[in-house]
Amino acid sequence: MGKDIIADIITSIRNADINRKGTVRIPSTNITENIVTILFREGFIENVRKHRESNNYFLILTLRHRRNRKGSYKTILNLKRISRPGLRIYSNYQHIPRILGGMGIVILSTSRGIMTDREARLERIGGEILCYIW
């Protein structure tokens, strides 16, 4: 039985966001780098840097928080894993769900790589729905 890397990084980011941690350290693989690139490009995280420790590479993410008027932190990152190793969920480009009417994003794994729902609709390709982010 293999590990679900995507669920592990989603859980790490969600837990750090709930506990108001500033940074998260996740193992670096091609899939995690592509997902983190999308999160950075869409503005859900502030910064990403690659770190090497004894022949292992890690990604260090700086999370983004927002303050309300009283100065307390509120989480702005909600992640939900959809397709999992036991149950794969696929969709063509016409039936890709819209999260919060287009405010959130859907990350898909397509034949042209990992991309957001907007990019997949523009290129008219479907794929496996990895996760929702809003």
- Item | Reported CD1-to-CD1 distance for the pair Ile129 and Ile82, which is rounded to 0.5 angstrom | 7.5 Å
- Message: Do Ile133 and Ile31 sit in one hydrophobic cluster, given that two such residues count as connected whenever their side-chain heavy atoms are within less than 4.5 Å of each other, even indirectly?
- Response: yes
- Task: Would you give the length of the straight line joining atom CD1 of Ile9 to atom SG of Cys131, rounded to the nearest 0.5 angstrom?
- Result: 7.5 Å
- Task: Quick one: closest heavy-atom pair of Asp117 and Leu108, and the distance?
- Result: CA-CD1, 3.6 Å
- Where Ile45 and Val48 come nearest, the two heavy atoms and their spacing: CD1-CG2, 3.5 Å
- Side chains of Arg121 and Ile96 in contact at under 4.5 Å (non-hydrogen atoms): yes
- Query: When you look at CG of Asn30, are more than 12 heavy atoms from neighbouring residues, nucleotides or ligands closer to it than 6.0 Å?
  - Reply: no
- Task: State, yes or no, whether a side-chain contact exists between Thr32 and Ile5 at a heavy-atom distance under 4.5 Å.
- Result: yes
- Message: Can you pull out every side chain to side chain donor-acceptor pair (under 3.5 Å) where at least one residue sits in residues 89-109? Sequence neighbours excluded, please.
- Response: Tyr93-Arg124
- Query: Do the non-hydrogen side-chain atoms of Ile13 and Leu61 ever get within less than 4.5 Å of each other?
  - Reply: yes
- List in chain and number order the residues that pass side-chain hydrogen bond (donor to acceptor under 3.5 Å, both in side chains) with Arg14, two or more places apart in sequence or in another chain; answer none if no residue qualifies. none
- Task: Indicate yes or no: does Glu128 engage Arg84 in a salt bridge with an N to O separation below 4.0 Å.
- Result: no
- Taking atom CG of Leu63 and atom CZ of Phe44, what is their separation to the nearest 0.5 Å? 12.5 Å
- Note on the structure: Distance col, row Ile10:CD1 vs Leu130:CG, nearest 0.5 angstrom, shows 8.0 Å
- Query: If you measure from CH2 on Trp134 to CG on Asn78, what distance do you get to the nearest 0.5 Å?
  - Reply: 5.0 Å
- Please step through side chain to side chain donor-acceptor pair (under 3.5 Å) for the pair Ser28 and Glu33, ending with a clear verdict. CA-CA 6 Å; Ser28 177; Glu33 285 182 16; 2.6 Å; yes
- Residues Leu87, Ile89; criterion side chain to side chain contact (heavy atoms under 4.5 Å, CB included); working and verdict: CA-CA 6 Å; Leu87 179 65; Ile89 306 294; 4.0 Å; yes
- Query: Under the 6.0 Å and 45° cation-pi test, does Lys50 pair with Tyr57?
  - Reply: yes
- CD1 of Ile35 to CD1 of Ile26: how many Å apart, nearest 0.5 Å? 8.5 Å
- Test: Glu123 and Arg118 ion pair at under 4.0 Å: no
- Query: Can you hop from Val36 to Phe58 via hydrophobic side chains spaced under 4.5 Å?
  - Reply: no
- Message: Which residues end up grouped with Ile125 if you chain together Ile, Leu, Val, Met, Phe, Trp and Tyr wherever their side-chain heavy atoms are less than 4.5 Å apart?
- Response: Met115
- Heavy-atom check, side chain of Glu42 versus side chain of Ile38, under 4.5 Å: yes
- Message: For Ile60, is the CD1 atom crowded, meaning more than 12 foreign heavy atoms sit under 6.0 Å from it?
- Response: yes
